[in-house]
Student: 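Mind having a look at this structure? Questions to follow.
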Protein chains: 2
Amino acid sequence: MSAHTQSRFNSTLTSQCQNCSLSALCLPLALADEDITKLDQIIERKKPLKKGEFLFRQGDVFDSVYAVRSGTLKTFNITAYGEEQITGFYCPSELVGLSGIDSNAYPVSAKALETTTVCEIPFSHLEELSSQIPSLKHQIFKVMSRKISDDQQMMVLLGKKNADEKVASFLLNLSNRFKKRGYSATSFRLSMSRGEIGNYLGLAVETVSRVITRFQKNELIHVDGKEIEIVDLPEMQKLVGVASDCGKIAHI
Amino acid sequence: MSAHTQSRFNSTLTSQCQNCSLSALCLPLALADEDITKLDQIIERKKPLKKGEFLFRQGDVFDSVYAVRSGTLKTFNITAYGEEQITGFYCPSELVGLSGIDSNAYPVSAKALETTTVCEIPFSHLEELSSQIPSLKHQIFKVMSRKISDDQQMMVLLGKKNADEKVASFLLNLSNRFKKRGYSATSFRLSMSRGEIGNYLGLAVETVSRVITRFQKNELIHVDGKEIEIVDLPEMQKLVGVASDCGKIAHI
DNA sequence: CTAATTCCTTGATCTGGATCAGAAAGTAAA
DNA sequence: TTTACTTTCTGATCCAGATCAAGGAATTAG
C-alpha cells in the first residue's frame, strides 16, 4: 500500500470519482477508466464546510481548483466601498477557483451557502496530469471556455435585461442546472437568500421580492419561502427571450 | 521546403512571432526561442479586415482563436429582440475566440472597428502543440483564467457601478491596456463610437456623451472627438474606487 | 421556551439614467 | 460641390427600479 493510498484511507471521505454520481458532468467526463483512476489519485476530499465558512478568500495564494460535491457555494468580490458583489453560484459538479490561475491568487472569495462538500484538485498536479492525458487537458479547456461564455451571457443579462427578465433568467438557469444533474427542472429549493439573488442580478432585495411575488400572482411560478416551482415554463422562457441560446439567430 | 513553409511564403504576410513587437504580451510570452518557432509554424497571418468586416459570426463552427496584431475588434451577441450586446473590445496582443472551445461554435460575433490584422491560430494545432510544450499549455490556461477574472470585474461594473464609475473604469481600463503595449497611458484614440461604449457599459449613448462632457468640464480629461487625454489620473482612479484591484482589500 | 437577529414582503416616495426631440458636426457617397 | 447619413451633443420629460419605512415571518442563540 503506497503512502498515498494510506493517506486516502485516513481521510474522512474516501469516495472516488468512479463511484461519484457527478462523474459524467464533472472533470472525469470523457476520460477512460484508467485515466479516471489517475485523476482520482490527485484529488483530496475535504471535510464539509458549514454554512458561512470560506473555501478560500480573495487574495489567498492559488493552489487548487475545487469541484462541488454537494451543497452550494457563492463567489464574490468586495468593492471599493466594502460592499459584496456576488459573481457566481456553484452547484454540484461545477468547478470553482479557475480565475486564480492567472495571478496565482484567488481574485474572489468563495463561501458556503449551506453545508457543502468539495473535492480539492491541486492545480499543479492537474496540470501535470493533463500533459499525460490529452482528453483531460481538452476537458479543462472546455470547462474554462464554458465559464467564459456563461459569464458573457451574464454580462448581457446585467447590461440589457430588466428586472423581470433578470429574475426569470436566473430561475431558468438554476432549473437547467438541476435538470442536468437529474433533478426536477420545475421544482427546487433556493439555497441563496433574496438579498443574494438581488446582489448577483444587480437588483435591490425589494425588487427581487416584488418580481417573485408578481410571478406567483401571474401563475408563472409557485413559491413557498425558498421552495420554487416553475408552473408555466413556456411563459417563463418567453419572458427570458426565446433566442437566449445563441445559435438560433440568423446572421446579420 | 515543406508544403507548409511554401504556403507561408505565398501568404501576403510572412512576419513571425520572433519579430513581432507583441510577443512579450501574447502567447509566445514565457516560451523558449525554439518553442516560439514551433508556435510560429502553426500560425497563419491573415490579410487585414476592413472596418465593419466580420472575423467570425455567432454560430460559426469554432476552429481557431485569433491574436489581434493591429487595430481593434469588438465581440457581441444579438439578444432576443435583435439588439446588439457588445461583450468585449480586443486590442493588439489580445486573444479572441476562446469562448468557442466548449460548444465548438463561436457564441459571439467578432467585427473589426477599424482596419485590423489578426494571427489565426488553429485550435487543434495549438492544443497538440501545448502537449509538447508545457509552458505553452500553462500560458493558455493563464490567458483563459485572466479572461474569466476580467469578465467578473466587468460583472461588478455592470451590476454595481453608476454611470460616472462605469465610464471612468472604461477609460482607465483602455489606458492600462495601451500602457502595457508601450503606448501613452494618458493620451489615446477611441476606436469605438459613443454608442458602442454605451452598449458595452449598459448605458444610453446620451448618458455616455453627458458623462464625458462633464469629465471634461471638471478637468478630469480632455476630449477632442475620439481623442482622449486623461488629465487628472489620480482623480479618475479615485472615481473608479482605489480598491478596484482586488488584492489590496483586507479579509472580512 | 423566549429573545435577538436576520430575512422577506409590501407600501410610499424619490431619482439616476432612459427616452424623446432636435440641433450641430462629422463623414461618405454621388 | 450637394445630398444623405451617421454620430455627437444638449435639453426636457418620464419611469423602472432604488431607497426609505415598517410590519410580519423565519432562523438562530441562549
Side-chain angles (χ1 to χ4, degrees), chain A residues 50-53 72 74 79 81 83-86 111-115 157-171 189-218 221-228 239, chain B residues 50-53 74 79 81 83-86 111 113-115 157-171 189-218 221-228 239:
Chain A
K50 274 176 287 189
K51 179 173 174 169
E53 286 183 335
T72 325
K74 68 173 172 183
T79 71
Y81 308 108
E83 348 157 64
E84 175 175 318
Q85 166 69 42
I86 296 173
K111 200 179 206 177
L113 293 181
E114 57 193 320
T115 302
L157 178 145
L158 289 168
K160 284 270 175 301
K161 295 187 179 181
N162 64 28
D164 284 15
E165 292 166 340
K166 285 180 178 181
V167 174
S169 300
F170 178 74
L171 293 175
R189 179 168 213 291
L190 300 174
S191 46
M192 63 294 290
S193 70
R194 304 287 192 270
E196 286 167 326
I197 296 172
N199 182 302
Y200 181 58
L201 298 177
L203 295 173
V205 205
E206 295 93 328
T207 305
V208 175
S209 180
R210 277 186 255 267
V211 170
I212 288 181
T213 304
R214 186 150 34 76
F215 280 0
Q216 162 139 269
K217 211 166 285 169
N218 298 342
I221 62 178
H222 182 262
V223 190
D224 177 18
K226 306 221 154 193
E227 295 294 335
I228 298 283
L239 235 172
Chain B
K50 275 176 287 189
K51 179 173 175 170
E53 286 183 337
K74 66 173 172 184
T79 71
Y81 308 108
E83 348 156 64
E84 175 176 317
Q85 166 69 42
I86 297 174
K111 201 178 205 178
L113 293 181
E114 56 193 320
T115 302
L157 178 146
L158 289 168
K160 285 270 174 302
K161 295 187 179 182
N162 65 25
D164 284 15
E165 292 166 339
K166 285 180 178 182
V167 174
S169 300
F170 177 73
L171 293 176
R189 180 170 211 289
L190 299 173
S191 46
M192 62 294 289
S193 69
R194 304 285 193 270
E196 286 167 327
I197 296 173
N199 182 301
Y200 180 58
L201 297 178
L203 296 173
V205 205
E206 296 93 327
T207 305
V208 175
S209 179
R210 277 187 254 265
V211 171
I212 288 181
T213 303
R214 186 151 34 75
F215 280 1
Q216 162 140 267
K217 211 167 284 168
N218 299 343
I221 61 178
H222 182 261
V223 190
D224 177 17
K226 307 221 152 190
E227 296 293 334
I228 298 284
L239 236 170

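We name chains A, B, ... by the order of the sequence lines, and we start the count at 1 in each one.
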Student: Rounded to the nearest angstrom, tell me the gap between atom CD1 in B:I228 and atom P in D:dT8.
Tutor: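 Taking atom P of D:dT8 as the reference, CD1 of B:I228 is at 11 Å.
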
Student: How is B:G202 classified with respect to the nucleic acid when contacts are heavy atoms under 4.0 Å: base, sugar-phosphate, or nothing?
Tutor: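 Counting heavy atoms under 4.0 Å across all strands, the contact made by B:G202 is with sugar-phosphate only.
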
Student: Show, in sequence, the C-alpha distance, side-chain angles and deciding distance for A:K160 and B:N199, and conclude whether the side-chain contact (heavy atoms from CB on, under 4.5 Å) test is met.
Tutor: CA-CA 9 Å; A:K160 284 270 175 301; B:N199 182 301; 3.8 Å; yes

Student: Just the rounded figure in Å: distance from C1' of D:dA16 to NZ of A:K161.
Tutor: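 In whole Å, D:dA16 C1' and A:K161 NZ are 17 Å from each other.
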
Student: Expressed as a whole number of angstroms, how long is the span from A:R189:CZ to D:dT27:C1'?
Tutor: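 Interatomic distance, CZ of A:R189 to C1' of D:dT27: 11 Å.
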
Student: Taking the side chain as everything from C-beta on, heavy atoms only, tell me whether B:K111 gets closer than 4.5 Å to B:E53.
Tutor: no

Student: Reading DNA chain D from 5' onward, which residue's closest nucleotide shows up sooner: A:D224 or A:A163?
Tutor: A:A163

Student: I'd like to know if A:R214 reaches the base of C:dT10 with its side chain such that a donor and an acceptor end up less than 3.5 angstrom apart.
Tutor: no

Student: In plain terms, say whether A:E84 and A:K74 are close enough for a salt bridge, that is, a side-chain N and a carboxylate O under 4.0 Å apart.
Tutor: yes

Student: Any side-chain N or O of B:K166 less than 4.0 Å from the OP1 or OP2 oxygen of C:dG17?
Tutor: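 No, because none of the side-chain N or O atoms of B:K166 sits under 4.0 Å from OP1 or OP2 of C:dG17.
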
Student: Are there more than 12 heavy atoms of other residues, nucleotides or ligands under 6.0 Å from atom NZ of A:K51?
Tutor: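 No, the 6.0 Å shell around NZ holds no more than 12 heavy atoms from other groups.
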
Student: To the nearest Å, give me how far apart CG (B:N162) and C1' (C:dA18) are.
Tutor: 15 Å

Student: Separation of A:I197 atom CD1 from C:dC8 atom P, in whole Å?
Tutor: 8 Å

Student: Find which nucleotide of DNA chain C each of A:I212 and B:T207 is nearest to by heavy atoms, and output the residue with the more 5' nucleotide.
Tutor: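 Per heavy-atom nearest nucleotide, the more 5' residue is A:I212.
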
Student: Give a yes/no on whether any side-chain N or O of B:S209 is located under 4.0 angstrom from OP1 or OP2 of D:dT10.
Tutor: no

Student: Look at the side-chain N and O atoms of A:K226 and state whether any lies under 4.0 Å from the OP1 or OP2 oxygen of C:dC7.
Tutor: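 No, A:K226 has no side-chain N/O under 4.0 Å of OP1/OP2 on C:dC7.
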
Student: For the side chain of B:Q216 and the backbone of B:T213, is there at least one donor-acceptor N/O pair under 3.5 Å apart?
Tutor: no

Student: For the pair made of CD in B:E206 and P in D:dG11, what is the distance, rounded to whole Å?
Tutor: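 Interatomic distance, CD of B:E206 to P of D:dG11: 14 Å.
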
Student: Report which part of the nucleic acid A:G225 touches: base, sugar-phosphate, or nothing (heavy-atom distance under 4.0 Å, all strands).
Tutor: nothing

Student: Report the distance from atom CG of A:N199 to atom P of D:dA18, rounded to the nearest whole Å.
Tutor: 12 Å

Student: Please report the distance, rounded to the nearest Å, between CZ in B:R210 and C1' in C:dC20.
Tutor: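 Those two atoms, CZ and C1', are 11 Å apart.
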
Student: By the 4.0 Å heavy-atom rule, please label B:G198 as base, sugar-phosphate, or nothing.
Tutor: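 The answer is nothing, as B:G198 stays clear of every strand by at least 4.0 Å.
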
